[in-house]
Peer 1: 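Structure in structure tokens, see below.
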Amino acid sequence: MNSAREPSVIASHEAVQGTAQTTHEVFNQAGALENHNLYLGDQALREAIQRQAPAAEAELVDYGQLCGVPEFIELGFQANAHKPSLHTHDRFGRRLDVIEFHPSYHALMDQAFSAGLHSSPWREAEAGQGEGAHAARAAKYYLHAQVEAAHGCPVTMTFASAPTLQLNPVIAKTWLPKVLSNAYDPRNIHYREKTALTIGMGMTEKQGGSDVRANTTQASPIGEVEGCEAYSLVGHKWFLSAPMCDAFLVLAQTGAGLSCFLVPRWHPDGHKNPLEIQRLKDKMGNVANASSEVEFRGALGWLIGAPGRGVPSIIQMVAMTRFDCMVGSSAGQRQAVIQAAHHASHREAFGKRLIDQPVMRNVIADLQLEVEGSLAMTMRMARALDSQSEQDQLLLRLGTAVGKYWICKRNPQHAYEAMECIGGNGVMENCIMPRLYREAPINAIWEGSGNIQALDVRRAMSRSPEVVDAWMAELLTTAHSDPRQDAVVENLKHELAVSDECSSRRLVELLALSLQGSLLLRSGNAAIAEAFLAGRCEAPSHHFGALPAGLDLELLINRANPHCYDL
Ligand SMILES: Cc1cc2nc3c(=O)[nH]c(=O)nc-3n(C[C@H](O)[C@H](O)[C@H](O)COP(=O)(O)OP(=O)(O)OC[C@H]3O[C@@H](n4cnc5c(N)ncnc54)[C@H](O)[C@@H]3O)c2cc1C
């Protein structure tokens, strides 16, 4: 166990030793899952990387090692035990708007930014070395997010901001080098003095979150500042995460309609830009990350993209954050399953290790099957990001919405079931499971909740019907490989023909299942594809652990085991 979480236990144990007989020996407890290599132990990820980014393997082996070190794991516990706090004013009454974080949060951020989780594909593309860069970065992020997910919010937003910042060439020239620098500079000082910059995002207002057209924040032109059209923003945001970022991409109304702005924390003149943090959100999960309510009191913002084109401008950022939701939620699933498999391998009940009990075998195999499907879809989207082909761009248009909907939505149930594998210990705060469980619904809700993803899929299909052709072309690669897969595709075709708005979720679910089935059929691992087609398509169950008889559970359990392939 991580000693930093257990000082009182050690103290009371010492006290007891002096005064009383030891009452019992502690045995048949699994112990902490640590000192393992998250990459080497993850056969599904390794296979994906061997296909998509083999040059990244050595780096991922090192990263997998880091993510299994007890001290690194402990940072995740500490960052969540010590909530960030807001200081609105200094002791003399001057406005501060500073967030105080525990050192463990800064350590995690430092690691993430030094590793280029926010930058590597953009930097490598610039250097002409982009092959497999999104796949490699997604894999590294998948490992990192398993240690702690909440601090990934500013990492993702900074990563995702790059395509939107590119829309303003002057801003891109001045801001992007520091946004993409592989360094973390948490100082609350002027952006010109900093070595590295982070970017947040402000869309959601009180009266409208999903419906950003309802935004009331007003932006009035004030002329050119530092070579860009500047505006003064008055209004608020109801959710603005990571408010210590150096600037925020914000939507506000102009005479031309909703427009996108980059609002820096410090004004170009050197004073604090009047962006005031009202309070921090008291969230049930995502605790290490600060999310805030803010007011803009004449804050300067530079126009990004054309006036009135706010949604198309920021949507480039949103597409990337949705992709990262797929990465993050797949990572949550993987961490949950390795915790469950580790526990079940080291705990006996009724005369056998839990992992050898037939019903438990079905549960763990099924939890891993979910990871296989999630990872396959995520890495397929990473490949599409790495590709310049039109087919892949069309696939991506539907795939990020479908993938975010499906993977994020499956997560809470998956986390809960893994928690149940661990029994009562899985409910305790000194275990990672409560954190994984509370984190699980977050990705599903932010960046467009389930219904919004489903509606976005419909919108994409009606505006560009070729996205459906691209999806079908992808499925065609496995046509006639298996009648169960063919049946899902037939169902999908039927749904495409009859679907109305009310049945949008059904359509999205069929899109997700059809793609996952096809990808697993193509992965070259027949037993995994068989389990998916039998357990998700032919005889789907209501809960995890009800896979039909006759499947190769041993293979899935080995792939769930964090040590099996770690050689
Ligand atoms: C931890 C966290 C961090 C966040 N950080 C940020 C941030 O940094 N920046 C930011 O801008 N926002 C942020 N958000 C806000 C988040 O993006 C919104 O909460 C989300 O988009 C939903 O908006 P809403 O809360 O206003 O709910 P609503 O828009 O009111 O939606 C409520 C429900 O109605 C559904 N719904 C909406 N419209 C329709 C429709 N037409 N048909 C059917 N169903 C519909 C939605 O899917 C949802 O389930 C964050 C949220 C969380 C939880």
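Each residue takes its place number in the sequence, starting with 1. Both counts, for ligands and for their atoms, begin at 1 and track the order of listing.
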Peer 1: Could you pull out all residues at least two apart from His82 that satisfy side-chain contact (heavy atoms from CB on, under 4.5 Å)?
Peer 2: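 Counting only residues at least two positions away or on another chain, His82 forms a side-chain contact (heavy atoms from CB on, under 4.5 Å) with Gln78, His102.
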
Peer 1: Once ring-ring contact (aromatic ring centres under 6.0 Å, His included) is applied, what residue pairs with a partner in residues 255-286 remain, sequence neighbours excluded?
Peer 2: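 Found Tyr231-Phe261, His267-His271.
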
Peer 1: Once ring pair (Phe, Tyr, Trp, His ring centres under 6.0 Å) is applied, do any residues pair with Tyr437, and if so which ones, sequence neighbours excluded?
Peer 2: none

Peer 1: Hey, could you give me the SG/CG distance between Cys421 and Leu367, rounded to the nearest 0.5 Å?
Peer 2: 5.5 Å

Peer 1: Under a 4.0 Å heavy-atom cut-off, which residues neighbour ligand 1?
Peer 2: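 Shell around ligand 1 (4.0 Å, heavy atoms): Met201, Gly202, Met203, Thr204, Gly209, Ser210, Phe239, Leu240, Ser241, Lys283, Asn286, Ser291, Ile442, Ile445, Trp446, Glu447, Ser449, Asn451, Ile452, Leu455.
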
Peer 1: Can you confirm whether Val468 sits close enough to Leu496 that some side-chain heavy atom of one is under 4.5 Å from a side-chain heavy atom of the other?
Peer 2: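 Val468 reaches Leu496 side chain to side chain.
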
Peer 1: Write down the atom of Val508, the atom of Ala454, and the distance for their closest heavy-atom approach.
Peer 2: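 Closest pair (atom of Val508, atom of Ala454, distance): CG2-CA, 3.7 Å.
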
